[in-house]
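Only heavy atoms go into these numbers, but all of them, side chains included; no hydrogens, no water, no symmetry mates. If you read the sequence from its start, that first residue is 1, and numbering goes on from there.
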Amino acid sequence: MKRNIVIAVVTAAALVGGGTATALAVSGDDDDASAPVTRTDDDRDDRDDRDDRSDDDSDDGDRAAVPGDVTAADAIAAALKHTPGTAVSAELDDGSWEIDVLGKGDTWHSVRVDPGTGKVLGSSKDDEDDAAEVRAALKGTSVTAEQAAKAAAAKGTVVSVDLDDDGDDRGWEAETRASGGDGQDWSVGLTTASVTADRDDD
C-alpha cells in the first residue's frame, strides 16, 4: 500500500541562555492521520525536573519522621484489618510501609500502606518455607509487632520492626530515628515489651 509523503517543517529559534527547537510534522490525506505534534526541548528545564524528582525521592524515606504521619503501629493495624493474620515485620521503604503478614498455613502476605493516609495501597501473596519457624518463635509470646512498635516509639520514630527468631535471643528488633536523622536499634521483649538497646548495634 502506498503511503502519502510526509512533509516535515522544522523551525529553529535561538534563545538567550539556551536553545529551543520546535518540530511540526504534518501528514498528508490519510485516514490514520494524527494531529500535528509539537515538541519543545529545553535542557535546562529537564535538569530542573530531574533535580526536583531527586529531592522528592530523598524525602520518602524520612516521611515517618514528619509529625502527623502514620506510625509503624498504625500501619500494622491497617495491614491486619485488610489482611488478617500475624504481622511479623514492618518497614518504611520506598515511600510506603511494607508489612509482612503470616496468614493461614504457609501463606505470606506483603501489604503496602501509605505513610501519610494509612490507606492500604496493595498486597501480594507468597509461599515461604519459614512459616513453621516463625510460628514456633511466637508460641507462648504475648507481645505483638504492633505492641512492640508502640513500646519502641518511646525511644524515637520507629521506621522498622522485625521478628528475630534465632536461638535464645528471640525478640522483636526495632529501629528508631531521632529528629536529627540518627538511627538506633532496640530489642523488645516477646513477653514483657521491655525495650533495651541492641547490644549488637554499633
Engineer: Mind checking whether Pro115 and Leu92 have side chains closer than 4.5 Å, heavy atoms only?
Structural biologist: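 Yes. Closest side-chain heavy atoms under 4.5 Å.
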Engineer: First locate atom CZ of Arg170, then atom CG of Leu163, and finally report the distance between them rounded to the nearest 0.5 Å.
Structural biologist: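 Output value for this atom pair is 8.5 Å.
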Engineer: Pairs of donor and acceptor atoms involving the side chains of residues 101-110, under 3.5 Å and at least two apart or interchain, shall be tabulated with distances.
Structural biologist:
residue : atom : partner : partner atom : Å
Thr107  : OG1  : Lys104  : O            : 3.4
Trp108  : NE1  : Asp130  : OD1          : 3.4

Engineer: Which residues pass the side chain to side chain contact (heavy atoms under 4.5 Å, CB included) test with Thr192, sequence neighbours left out?
Structural biologist: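 Once residues adjacent in sequence are excluded, the partners of Thr192 under the side chain to side chain contact (heavy atoms under 4.5 Å, CB included) criterion are Ser194.
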Engineer: What is the minimum heavy-atom distance between Gly140 and Thr191, and which atoms define it?
Structural biologist: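 Residues Gly140 and Thr191, closest heavy atoms: O-CG2, 4.2 Å.
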Engineer: Could you measure the distance from the CG atom of Leu121 to the NZ atom of Lys119? Nearest 0.5 Å is fine.
Structural biologist: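 Between atom CG of Leu121 and atom NZ of Lys119 there are 8.5 Å.
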Engineer: Looking only at side chains, do Thr176 and Trp186 share a donor and an acceptor under 3.5 Å apart?
Structural biologist: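 Yes, side-chain donor-acceptor contact under 3.5 Å.
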Engineer: Which pair of heavy atoms, one from Ala152 and one from Ala174, lies closest together, and at what distance?
Structural biologist: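 Taking Ala152 first and Ala174 second, the nearest heavy atoms are CB-CB, 3.7 Å.
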Engineer: For the atom pair CG (Asp74) and CG (Asp69), what is the distance rounded to the nearest 0.5 Å?
Structural biologist: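 Nearest 0.5 Å value for the CG-CG distance: 10.5 Å.
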Engineer: Quick one: side chain to side chain contact (heavy atoms under 4.5 Å, CB included) partners of Ala79, sequence neighbours excluded?
Structural biologist: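 For Ala79 the side chain to side chain contact (heavy atoms under 4.5 Å, CB included) partners, ignoring immediate neighbours, are Ile99, Val111, Val113.
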Engineer: By side chain to side chain contact (heavy atoms under 4.5 Å, CB included), which residues pair with Glu175, not counting sequence neighbours?
Structural biologist: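 Applying side chain to side chain contact (heavy atoms under 4.5 Å, CB included) to Glu175 gives Val159, Ser160, Arg177, Asp185.
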Engineer: What I'd like to find out is whether the side chain of Glu91 reaches to under 4.5 Å of the side chain of Asp162, using heavy atoms alone.
Structural biologist: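 The answer is no, as the side chains (C-beta and beyond) never meet within the 4.5 Å cut-off.
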Engineer: Looking only at heavy atoms, what is the nearest atom pair of Val158 and Ala149, with distance?
Structural biologist: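 Taking Val158 first and Ala149 second, the nearest heavy atoms are CG2-O, 3.6 Å.
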Engineer: In the structure I gave you, are the side-chain heavy atoms of Val70 and Asp114 within less than 4.5 Å of one another anywhere?
Structural biologist: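 No; the side chains remain at least 4.5 Å from each other.
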Engineer: Would you please name every residue forming a side chain to side chain contact (heavy atoms under 4.5 Å, CB included) with Val143, sequence neighbours left out?
Structural biologist: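 For Val143, the residues satisfying side chain to side chain contact (heavy atoms under 4.5 Å, CB included) (neighbours in sequence not counted) are Gln147, Ala148, Trp172, Ala193.
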Engineer: What's the shortest heavy-atom distance between Gly118 and Ala78, and which atoms?
Structural biologist: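 The answer is O-CB, 3.6 Å.
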Engineer: What distance separates Asp100 CG from Thr86 OG1, expressed to the nearest 0.5 Å?
Structural biologist: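 OG1 of Thr86 is found 12.0 Å from CG of Asp100.
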Engineer: Under the salt bridge (Lys or Arg N to Asp or Glu O under 4.0 Å) rule, what pairs show up with a residue in residues 140-154, not counting sequence neighbours?
Structural biologist: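 The answer is Glu146-Lys150.
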